[in-house]
Structures are given as structure tokens and as C-alpha cells.
Novice: 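Handing you this structure, nothing more for now.
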Amino acid sequence: MILTTGGAGYIGSHTVVELLNANFEVLIVDDLSNSKKEVIDRIEQITGKRPIFQQIDLKDKQKTFELFQKYKNIEAIIHFAASKAVGESVENPLKYYENNIGSLLNVMLAMKEFGVANFVFSSSCTVYGQPEKLPVTEQTEKKPAESPYGNTKMISEDILKDYAVANKNFKAIALRYFNPIGAHPSGLIGELPNGVPTNLVPYVTQTACGLRSKLSIFGNDYNTPDGSCIRDYINVVDLAEAHVVAIKRLLECKNKSNFEFFNIGTGEGVSVLEIVNTFEKVNKQKLNYEIVSRRAGDIEKIWAETSYANTELGWKAKKSLNETLISAWNWEQNYRAIQK
Ligand code: UDP
């Protein structure tokens with residue numbers, strides 16, 4: 001059985017679908033702080049299989065231990081559960097350290113207590129900051145985090161690294177996500193931002209459906225071909241598949257060291273204006289947008305060197321930007337239709 005913490009969330013739910021499709025038994029633990037229980041029904045609709053669901057807050061050490069006591073057949077854990085709003089983390093850093101580090105420690109302590117060895121961690125390209133040289137490889141130097149959120153990812157990787165040195169039985173893989181976007185092609189699951197979205201693509205889809213009056217593009221005076229920022233946008237289903245590959249690598253003992261980390265991106269840099277133009281073209285929608293000043297804390301450009309993940313994990317992003325932006329729009333429309 002694979003325990004997915006935060007398995008009802010955006011990346012978690014897509015990964016649970018891929019795990020079930022690969023015939024793994026799945027236990028979802030989620031506190032539903034940023035997700036909805038209906039997601040479990042949707043996962044069942046897509047896969048024909050129902051994952052086990054437990055609503056638990058992993059900050060609660062006793063409840064976490066009781067969970068491992070109850071499910072003795074947990075072979076591996078994918079730890080998605082974390083708060084992820086950069087701006088909120090600046091305003092409320094203790095919430096981020098408590099949630100993201102506290103829950104990680106409780107899960108790792110329970111793993112130690114109950115003899116569970118395999119761990120996949122949701123890390124982020126934020127660990128690289130603004131790199132001097134692009135694309136970034138796994139060897140690119142890490143930079144001090146720009147936000148408490150980013151710092152929790154740095155600290156979490158350090159915790160895994162230190163624990164892996166001290167405990168040879170423990171095996172962990174950190175997946176450094178670039179910018180996950182899009183939704184399952186069924187249109188049944190996707191990103192459900194809380195309140196006003198801060199990420200680009202949910203803001204784009206909510207503008208297209210009339211929920212937001214205008215998209216703000218944060219800056220067109222960067223040192224990039226069209227002046228807007230560049231990111232590496234990875235389809236969420238491709239990203240989900242990387243987790244299945246990582247789990248198999250651990251269970252089949254194919255890992256080369258007991259703490260590994262991989263860049264999970266497409267290897268392509270895409271600008272904000274390219275996202276907007278592609279969205280308009282493939283979905284035949286006109287977006288109301290304006291260029292505004294830069295957003296504090298944004299880096300100018302980043303994209304991944306993915307050859308290590310491609311060769312070593314045998315994983316590669318497959319989906320095009322066109323189909324990814326079609327899936328994002330399809331999801332937004334389906335979701336709004338259900339809400340009515
Ligand atoms: N962005 C934008 N308008 C928005 C949201 C985001 O222009 O309403 C830009 C942002 O400045 C960045 C890119 O889109 O260059 C991706 O931002 P997002 O917040 O999605 O991800 P980040 O890379 O910051 O984690």
C-alpha cells in the first residue's frame with residue numbers, strides 16, 4: 001500500500017489516479033484544508049477503484065502514529081501534504097514551518113517507529129533561486145530561499161539528506177517540481193485554488209470564464225525575448241507519472257544512493273506572454289489582460305535540464321503545452337458547470 005499524504009490535493013489527486021492505474025493500493029491522508037472530499041469520488045470515477053481515505057492532520061503526532069498502527073502494510077509514502085502559498089508564508093511563517101516541517105517530522109518519526117523505508121518528497125525548483133546558468137541541473141548550486149515556503153522545501157531536503165546518512169535502510173527521492181499546470185484529460189480533477197488564485201494558469205482560466213475581470217501580467221521589462229518571465233510548465237499528469245516511476249525505483253531497489261533528487265520539468269522555457277497567447281489560440285478565447293509592474297520576489301527565468309531524470313528515472317514529460325492548456329480550460333469549464 002502507498003500512503004499519499006495530501007492525496008486529495010492538486011498534484012496528489014493526479015498521482016493517486018496514476019498509482020491506481022498502475023495497480024497500487026492507495027491510502028490517502030488529507031486534512032482537507034485545501035482540498036475537497038468529492039475528489040475521492042472523482043478519482044473513483046476515473047479509475048474504477050476507490051482509494052482508502054482518512055481525514056487526519058499530520059501535525060498531530062499521535063494520530064499520525066495511530067495511522068501507521070492501523071495500516072501495517074504501508075510500503076512507501078509520497079508526502080505531498082504542505083501549505084504552498086508563497087505570499088501567505090511571508091505573512092504567516094510559523095504556519096508554514098509548523099505545517100510543512102512539523103508534518104514531515106511526524107511522518108518520518110512514524111516511519112522509523114513502524115519500519116517503513118521508502119519516501120518520495122514534493123520538492124520544488126525554488127531551491128535554485130535565480131540561477132546564473134540555464135538550464136538548471138541537479139548539481140546547480142542551491143540559493144537561500146526567498147520565502148518561508150521556499151525555505152521549508154530547503155529544510156525538508158536537508159532533513160531527508162541527514163536522516164539518509166544516519167539510516168542506511170531509509171530511502172528517499174525528492175522530486176523538484178518546476179511549474180505544474182493543467183488537469184486530468186477527463187476534466188474530473190484539476191487545480192482548485194482557495195480564493196483568488198496566485199498562480200498564472202488558474203488566474204488565466206478564471207479570467208476566461210469571467211470570474212476575474214482582468215489578468216495582470218507581472219512585468220514586461222525582464223531580460224527575456226518578450227520581456228515577460230520564463231518558467232518551465234510541466235503537465236500535472238506527466239508530473240504524476242514521475243511519482244509512480246520514483247515509487248517503483250524505491251520498491252525495486254534501483255536507487256543509486258539512499259537520498260536522490262531529480263528535476264521534474266519539460267526542459268523548455270515558456271514566457272508568461274507565450275502562455276497567454278497559446279491559451280487564447282488553442283481554446284479560442286480572448287483574454288482580458290494588462291501589463292503591470294513586476295511582482296516582488298519573482299525570478300526572471302528558469303527552466304530545467306531534465307536529462308538526469310530522463311536517463312536515470314526513465315521518465316520524460318510527454319504532453320504538449322497546447323494539450324495542457326486545453327486540459328486546464330476543460331477542467332475550469334467542467335468545474336464551473338458542476339458548481340451551478
Ligand atoms: N504571473 C502573472 N500574473 C499572475 C500570476 C502569475 O504574470 O496573475 C506570472 C509570474 O510573475 C511568473 C509566472 O506567471 O512569472 C508564474 O507564476 P506562478 O505564480 O504561477 O508560479 P511561480 O513561478 O511564481 O512559482
Side-chain angles (χ1 to χ4, degrees), residues 9-11 34 82-91 96 100 122-131 134-136 143 145-154 175-183 190-236 239 263-266 268-280 285 287-304 321 324-325 328-329 331-332:
Y10 175 43
I11 303 169
N34 194 19
S83 304
K84 59 174 185 179
V86 176
E88 187 195 32
S89 81
V90 176
E91 279 150 35
Y96 277 69
N100 296 7
S122 300
S123 191
S124 164
C125 67
T126 56
V127 299
Y128 299 118
Q130 176 60 70
L134 289 164
V136 280
K143 291 261 173 70
E146 297 266 349
S147 68
Y149 161 77
N151 206 24
T152 65
K153 294 296 172 189
M154 296 278 255
L175 300 178
R176 292 178 178 163
Y177 309 159
F178 282 65
N179 286 52
I181 61 166
E191 195 168 2
L192 270 181
N194 239 341
V196 182
T198 53
N199 291 118
L200 177 63
V201 171
Y203 210 105
V204 164
T205 56
Q206 289 198 5
T207 306
C209 78
L211 213 63
R212 312 278 155 216
S213 59
K214 199 185 275 178
L215 168 74
S216 297
I217 294 182
F218 299 134
N220 68 348
D221 55 354
Y222 285 99
N223 182 23
T224 59
D226 64 25
S228 64
C229 290
I230 294 178
R231 298 286 182 274
D232 183 331
Y233 293 94
I234 171 86
N235 181 290
V236 68
L239 175 59
N263 284 347
I264 304 296
T266 65
E268 299 280 330
V270 175
S271 75
V272 177
L273 282 165
E274 282 172 321
I275 290 282
V276 168
N277 294 335
T278 309
F279 182 89
E280 288 190 322
Q285 293 293 314
L287 277 175
N288 189 20
Y289 68 85
E290 66 175 339
I291 312 283
V292 301
S293 51
R294 293 180 178 197
R295 179 171 73 176
D298 268 341
I299 59 159
E300 184 169 84
K301 51 191 163 201
I302 188 166
W303 61 94
L321 183 62
T324 302
L325 290 175
W329 181 226
W331 157 246
E332 183 73 56

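Counting convention: from 1, in listed order, for ligands and their atoms alike. We number each residue from 1, following the sequence as shown.
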Novice: Is K301 paired with D232 through a side-chain N to carboxylate O contact shorter than 4.0 Å?
Specialist: no
Novice: Has ligand 1 got any nitrogen or oxygen that is less than 3.5 angstrom from a nitrogen or oxygen of Y203?
Specialist: no
Novice: At what distance is the nearest protein heavy atom to atom 7 (O) of ligand 1, and which residue and atom is it?
Specialist: F218 N, 3.0 Å
Novice: Name the one of V272, N220, L273 that satisfies side chain to side chain contact (heavy atoms under 4.5 Å, CB included) with C229?
Specialist: V272
Novice: In the structure I gave you, are the side-chain heavy atoms of Y10 and V236 within less than 4.5 Å of one another anywhere?
Specialist: yes
Novice: Is there a nitrogen or oxygen of L215 sitting under 3.5 Å from a nitrogen or oxygen of ligand 1?
Specialist: no
Novice: Here's a test for you: under side chain to side chain contact (heavy atoms under 4.5 Å, CB included), which of I264, V201, L239 qualifies with P180?
Specialist: L239
Novice: Side chains of E88 and T198: closer than 4.5 Å at any heavy-atom pair?
Specialist: no
Novice: For atom 21 (O) of ligand 1, what's the nearest protein heavy atom and its distance?
Specialist: N179 ND2, 3.1 Å
Novice: If the contact criterion is a heavy-atom separation under 4.0 Å, does Y233 count as touching ligand 1?
Specialist: yes
Novice: Checking the N or O distance criterion of under 3.5 Å, is ligand 1 in contact with I217?
Specialist: no
Novice: Run the numbers for me: atoms of ligand 1, each under 4.0 Å from some heavy atom of V272, listed by number.
Specialist: 7 (O), 9 (C), 13 (C), 14 (O), 15 (O)
Novice: Ignoring hydrogens and angles, tell me if any N or O in the side chain of K153 forms a donor-acceptor pair with the backbone of V127 under 3.5 Å.
Specialist: no
